[in-house]
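Below you'll find the structure, written out as structure tokens, and then a few comments.
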Amino acid sequence: MVSNAAVLFPDWAYKPTWSPGSRQIQLWHFLLELLGRGEGGAIGWGGEWGEFVIRDPEMLARLWGERKGKPHMNYDKLSRALRYYYNKRILHKTKGKRFTYKFNFSKLILVNYPGYPPPAPPAPPAPSHQVIHHVFTSS
DNA sequence: ATCGGAATGA
DNA sequence: TCATTCCGAT
């Protein structure tokens with residue numbers, strides 16, 4: 001079966017909030033949750049890596065509203081929250097494609113890690129003799 | 001549909 | 001800080 005790629009993050013990727021003890025589920029966590037679940041109707045992965053399509057905007061809003069205890073949530077308001085992710089570089093819009101957005105996975109981890117370096121170092125890179133190195137300058 | 005300012009809440 | 005709400009502009 002063509003399974004959805006499970007997108008799992010290490011614990012520390014799930015951003016602790018500024019207010020300890022009152023952590024709230026974040027929208028992008030919720031989206032990943034549905035996406036990873038292959039929840040069917042409301043949302044699904046798109047063509048490119050990290051791209052997703054909202055098939056049923058109002059349904060998604062309903063689910064999000066239930067999770068947050070906001071019965072009057074709708075797509076207009078949910079999408080405003082998505083737009084705030086643009087500056088944070090968590091998401092961007094796939095222009096020209098209706099209801100289609102794309103995760104910036106590489107940024108997600110960094111942006112949400114409270115103070116590098118990570119306590120648990122990732123797998124040590126195994127550089128081959130043939131290396132294509134791309135240097136990213138941090139902002 | 002999509003964008004982003006502004007006020008407000010938790 | 002991350003939304004929620006409202007809304008005028010594109």
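Chain A is the first sequence line, chain B the second, and so forth, proteins listed ahead of strands; every chain is numbered from 1.
Between W64(A) and dT4(C) there is a side-chain N or O to OP1 or OP2 distance below 4.0 Å. Of the side-chain N and O atoms in Y86(A), one or more sit less than 4.0 angstrom from OP1 or OP2 of dC3(B). Side-chain N/O atoms of K88(A) include one lying less than 4.0 angstrom from OP1 or OP2 on dC2(C). At the phosphate of dA3(C), neither OP1 nor OP2 sits under 4.0 Å from any side-chain N or O atom of K77(A). Regarding contacts with the backbone of dA10(B), every side-chain N or O of Q24(A) stays at 4.0 angstrom or more from both OP1 and OP2.
At a threshold of 4.0 angstrom between heavy atoms, the contacts of L27(A) are confined to the sugar-phosphate backbone, with no base atom among them. No contact: K95(A) has no heavy atom under 4.0 Å from any strand. Counting any heavy atom pair closer than 4.0 Å across all strands shown, Y101(A) reaches no nucleic acid atom. When heavy atoms are screened at a 4.0 angstrom cut-off, Y85(A) is found touching the sugar-phosphate backbone but no base atom.
In summary, E33(A) and R37(A) engage in a salt bridge, as defined by a charged side-chain N under 4.0 Å from a carboxylate O.
Put simply, CZ on R98(A) is 7 Å from C1' on dA1(B), counting in whole angstrom units. As rounded to whole Å, 14 Å separates atom P of dA1(B) from atom CG of L60(A). With rounding to whole Å, Y84(A) atom OH is found 15 Å from dT2(B) atom C1'. Rounded to whole Å, the distance from CZ on F99(A) to P on dT2(B) is 5 Å. To the nearest angstrom, P of dA1(B) lies 8 Å from CD of E58(A). H29(A) places its NE2 atom 16 Å from the P atom of dT1(C), with the value rounded to the nearest Å. Atom CG in L82(A) sits roughly 12 Å away from atom C1' in dC3(B) (whole-Å rounding). Rounded to an integer number of Å, the gap from R80(A) CZ to dA6(B) P is 11 Å.
Residues K97(A) and K70(A) each lie close to DNA chain B; by heavy-atom proximity, the contact nearer the 5' end of the strand is made by K97(A). Annotation: of the two residues near DNA chain C, A81(A) and D76(A), the 5′-most nearest-nucleotide partner is A81(A).
Under the 30°/60° scheme for interplanar angles, the aromatic rings of Y86(A) and Y101(A) are found to be tilted.
In this structure, W28(A) has its ring center at least 6.0 angstrom away from the ring center of F103(A).
A donor-acceptor pair under 3.5 Å links the side-chain atoms of K93(A) to the main chain of T100(A), judged by distance alone.
Rounding to the nearest 0.5 angstrom, the gap separating the CG atom in L78(A) from the NZ atom in K70(A) is 13.5 Å.
Comparing dT5(C), dA3(C), dT2(B) by their nearest atom to the side chain of Q26(A) picks out dA3(C).
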